[in-house]
**Student:** 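Pasting a structure here, questions to come.
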Amino acid sequence: MTVYYTKEHEWLRVEGDVAVVGITAHAANELGELVFAEARDPGTTVEQGDSVAVVESVKAASDIYAPVTGDVLAFNDALTDDAALVNRDPEGEGWIVRMTVADVAQLEGLLDHATYIALVG
């Protein structure tokens, strides 16, 4: 399983022909405890860079951007009752959406783990 990162603090993990997307631990820490999360409806096509979800904390609301172009397949329903799951396990059970990857070449433009860590210091 390969994990990719964006400069906007999203991560994308490819699992077969599905991409699992969420926010990084750095982003979760910066936002503070999340109190709400929602995503675009399943079946919605999003372009790379489009807002695919929104998360809200007591500090701020933040768009989550699609790391690649594809179709939204599912929202993590566990976040409906417990958005703070993103804070507790941002790159695991706190995933936000599952989506298709329309163009695998877009993955090449994303960051690897070492480059992302260097970016956030």
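Small disclaimer: the values here were computed from a predicted structure and weren't measured.
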**Student:** Is it the case that more than 12 heavy atoms not belonging to Glu8 sit under 6.0 Å from its CD atom?
**Tutor:** yes
**Student:** Is there a donor-acceptor pair under 3.5 Å between the side chain of Asp112 and the backbone N or O of Thr115?
**Tutor:**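 Indeed, once roles are kept as given, a pair shorter than 3.5 Å links the two residues.
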**Student:** When hydrophobic residues are tied together by side-chain contacts of less than 4.5 Å, even through go-betweens, does Leu110 share a cluster with Val104?
**Tutor:**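 Yes; tracing contacts between hydrophobic side chains, which count when under 4.5 Å, links both residues.
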**Student:** Which heavy atom in Glu15 sits nearest to a heavy atom in Arg98, and how many Å separate them?
**Tutor:** OE1-NH1, 3.2 Å
**Student:** Would you find a donor on one side and an acceptor on the other, under 3.5 Å apart, between the side chain of Glu10 and the backbone of Val21?
**Tutor:**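 No.
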**Student:** On the 0 to 90° scale, with breaks at 30° and 60°, tag the His9-His26 ring pair as parallel, tilted or perpendicular.
**Tutor:**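 Correct class here is tilted.
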**Student:** Work out which heavy atom in Pro90 is nearest to a heavy atom in Ala25; give both atom names and the distance.
**Tutor:** CG-CA, 3.6 Å
**Student:** Let's go through Tyr4 and Tyr116 carefully: what are the C-alpha distance in whole Å and the side-chain angles of both, what is the deciding distance for side chain to side chain contact (heavy atoms under 4.5 Å, CB included) to 0.1 Å, and is it a yes or a no?
**Tutor:** CA-CA 9 Å; Tyr4 301 90; Tyr116 178 75; over 6 Å; no
**Student:** List for me each residue that meets side-chain hydrogen bond (donor to acceptor under 3.5 Å, both in side chains) alongside Arg40, sequence neighbours excluded, and say none if there are none.
**Tutor:**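 Result, side-chain hydrogen bond (donor to acceptor under 3.5 Å, both in side chains) vs Arg40: none returned.
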**Student:** Distance-only, no hydrogens or angles: does the Asp89 side chain make a donor-acceptor pair with backbone N or O of Gly94 under 3.5 Å?
**Tutor:** no
**Student:** Please step through side chain to side chain contact (heavy atoms under 4.5 Å, CB included) for the pair Thr100 and Leu73, ending with a clear verdict.
**Tutor:** CA-CA 7 Å; Thr100 62; Leu73 297 174; 3.8 Å; yes
**Student:** Assess the residue pair His113 and Val3 against the criterion (side chain to side chain contact (heavy atoms under 4.5 Å, CB included)); give the C-alpha distance rounded to whole Å, side-chain angles, the decisive distance to 0.1 Å, and a yes or no.
**Tutor:** CA-CA 7 Å; His113 186 260; Val3 180; over 6 Å; no
**Student:** For the hydrophobic clusters of this structure (ILVMFWY residues joined by side-chain heavy atoms under 4.5 Å, transitively), does one cluster hold both Leu107 and Ile64?
**Tutor:** yes
**Student:** Under the side chain to side chain contact (heavy atoms under 4.5 Å, CB included) criterion, do Val58 and Glu33 qualify, and how do the steps go?
**Tutor:** CA-CA 7 Å; Val58 293; Glu33 185 174 348; 5.6 Å; no
**Student:** For the pair Asn76 (side chain) and Ala78 (backbone), establish whether a donor and an acceptor sit closer than 3.5 Å, ignoring hydrogens and angles.
**Tutor:** yes
**Student:** State, to 0.1 Å, how close Thr69 and Met99 come at their nearest heavy-atom pair, and which atoms those are.
**Tutor:** C-CE, 4.2 Å
**Student:** Is there a path from Leu34 to Ile96 through hydrophobic residues (I, L, V, M, F, W, Y) whose side chains come within less than 4.5 Å of each other?
**Tutor:** yes
**Student:** Compare every heavy atom of Pro67 with every heavy atom of Gln48, then report the nearest pair and how far apart it is.
**Tutor:** NE2-O, 2.7 Å
**Student:** So that I can tick it off, tell me whether Arg88 and Glu93 are bridged by a salt bridge, with the cut-off set at under 4.0 angstrom between side-chain N and carboxylate O.
**Tutor:** no
**Student:** So which atom in Ser62 and which in Leu31 form the shortest heavy-atom distance, rounded to 0.1 Å?
**Tutor:** CB-CD2, 3.9 Å
**Student:** Do Phe75 and Val72 land in one hydrophobic cluster if side-chain heavy atoms of ILVMFWY residues count as linked below 4.5 Å?
**Tutor:**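 Yes, one cluster joins them.
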**Student:** Report the distance from atom OG1 of Thr80 to atom CZ of Phe36, rounding to the nearest 0.5 Å.
**Tutor:** 8.0 Å
**Student:** If hydrophobic clusters are built from ILVMFWY residues whose side chains come within less than 4.5 Å, do Val97 and Val101 share one?
**Tutor:** yes
**Student:** About how many Å separate CD of Glu38 and CG of Leu79, when rounded to the nearest 0.5 Å?
**Tutor:** 11.5 Å
**Student:** At what distance, to the nearest 0.5 angstrom, does CG of Leu12 lie from CH2 of Trp95?
**Tutor:** 13.0 Å
**Student:** If I compare all heavy atoms of Ser51 with all of Asp63, which pair ends up nearest, and what's the gap?
**Tutor:**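 The pair with the smallest heavy-atom distance is OG-OD1, 3.3 Å.
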**Student:** Do side-chain atoms of Asp71 reach the backbone of Pro42 as a donor and acceptor pair under 3.5 angstrom?
**Tutor:**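 Side chain of Asp71 to backbone of Pro42: no pair is present.
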